[in-house]
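Taking it in order: structure first as structure tokens, then the write-up.
By convention in this document, chain letters (A, B, ...) are assigned in the order of the sequence lines, proteins followed by strands, and residues within each chain are numbered from 1. Since we're looking at a predicted model, the values are computed, not measured.
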Number of protein chains: 2
Amino acid sequence: MEIFGRAGYQNASFAAVAEAVGLTLPGLLHHFPRKVDLLIAVLEQRDTDMRTRFPVIDDSWLGTLDSLIQVARYNETVPGVVRAFSLLSVESLTEDHPAAAWFAARTEETRGLMARAFRRGLAEGTLKPDRDPEALAAEVMAVMDGLQIQWLRAGTAFDLSGIFEAYARHFIETHRA
Amino acid sequence: MEIFGRAGYQNASFAAVAEAVGLTLPGLLHHFPRKVDLLIAVLEQRDTDMRTRFPVIDDSWLGTLDSLIQVARYNETVPGVVRAFSLLSVESLTEDHPAAAWFAARTEETRGLMARAFRRGLAEGTLKPDRDPEALAAEVMAVMDGLQIQWLRAGTAFDLSGIFEAYARHFIETHRA
DNA sequence: GTCTATAGCGGGATAGAC
DNA sequence: GTCTATCCCGCTATAGAC
């Protein structure tokens, strides 16, 4: 995670990872036969970790936004992980990237869950019916991803969770029915 | 631009660029002594192009948002360019990336201009004083960047300009004093 | 201004000993 | 399960002819 966070996947040296964990390159290759196997393992690791830390217990749109605020706060404490995921996520847009399908599915799933929460809000009458639920989900995800990138670039001076929370509160205020 | 858009910078082969323009590698190196010189040239090219296409004629925050809607519409017509810039922008977060300073300065400048427009709105009384101008600027940029990434991943099914426009209109409605 | 030829490096992966 | 030694590849860049 640390190495991928510094260099991305393609530019990261597998040998550097081996050295970082106190192994030689063939030593690490014993556990991960190919470099791409390590990539997949890293992605799954973070995924499992996040699902454990932030299980979906509340599928209301208000609860979802509240969870995202918590996620933003947590992410501020693990810049290396955020860096790795932002890097890998965008890098997966390159041709024939081994994690392209993984990120496509992951994005789709997250957007789908959020859109469902917004649709439920519409059905329950808690959400104003002036915007498309899918578009709202895409917007919220975009804000989170985009702010993270700016935060990674600007450093600690950038108040990631503060800005996201202000956005989320305004979102709730102005979309609540 | 096309090659960088497919592979990013580090993973792109300079020789592939040479072949794409009908030259051998040393032939291209005659015009761009090092690979990084080509990168800088590509960045400057796009920058000049955008400044020509969308000159800052109106520094009101309403005019700025309107310009951004136009930018989103234009970007939809040049996916390869958007891909290249999204890729290079995030790739520049890696350690010792040659374009790190360029993107940092560029981001800073854009956010500064937008923040200034919002501050002017506050002074003129056209913008509600409930949010920090810098945070609003960061938010708008995040939406644009984040939506572009989702659009690049999802393909033509994703209505980039439509979603951004809906966001911008809601933004105007709910922030106008 | 473009080429052929080549240097020189670092990358991922394999063979096989221990 | 970890190592040394090695292979082979693709990459950027240089040298020097034309």
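Ring pair A/Phe85/A/Phe103 is perpendicular by interplanar angle, where above 60° counts as perpendicular and below 30° as parallel. Ring-plane geometry between B/Phe171 and B/Phe118 is classed as tilted, the angle between the planes lying from 30 to 60 degrees on a 0 to 90 degree scale.
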Item to check | salt bridge (Lys or Arg N to Asp or Glu O under 4.0 Å) between A/Arg120 and A/Glu124, intermediate numbers included | outcome: CA-CA 6 Å; A/Arg120 181 170 298 216; A/Glu124 290 172 345; 5.0 Å; no

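A salt bridge is defined here as a Lys NZ or Arg NE, NH1 or NH2 lying under 4.0 Å from an Asp or Glu carboxylate O, and B/Arg73 with B/Glu76 fails to meet this definition.
A/His30 has its NE2 atom 11 Å from the P atom of D/dC3, to the nearest Å. Between the P atom of D/dA13 and the NE2 atom of B/His31 lies a distance of 16 Å, rounded to the nearest Å. For B/Asp37 and D/dT12, the CG to P distance is 13 Å, given to the nearest whole Å. The distance from atom CG of A/Asn11 to atom C1' of D/dC11 is 12 Å, rounded to the nearest whole Å. Rounded to an integer number of Å, the gap from CG of B/Leu38 to C1' of D/dT12 is 13 Å.
For B/Thr24, a side-chain nitrogen or oxygen approaches OP1 or OP2 of C/dC3 to under 4.0 Å.
Going from atom NE2 of A/His175 over to atom NE2 of A/His170 covers 8.0 Å, rounded to the nearest 0.5 Å. For the atom pair CG (A/Asp145) and CD (A/Gln150), the distance works out to 11.5 Å, reported to the nearest 0.5 Å.
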Item to check | Contact letters for nucleotides 12-18 of chain C, in which S counts primed atoms plus P, OP1 and OP2 and B counts the base, heavy atoms under 4.0 Å | outcome: SBB----

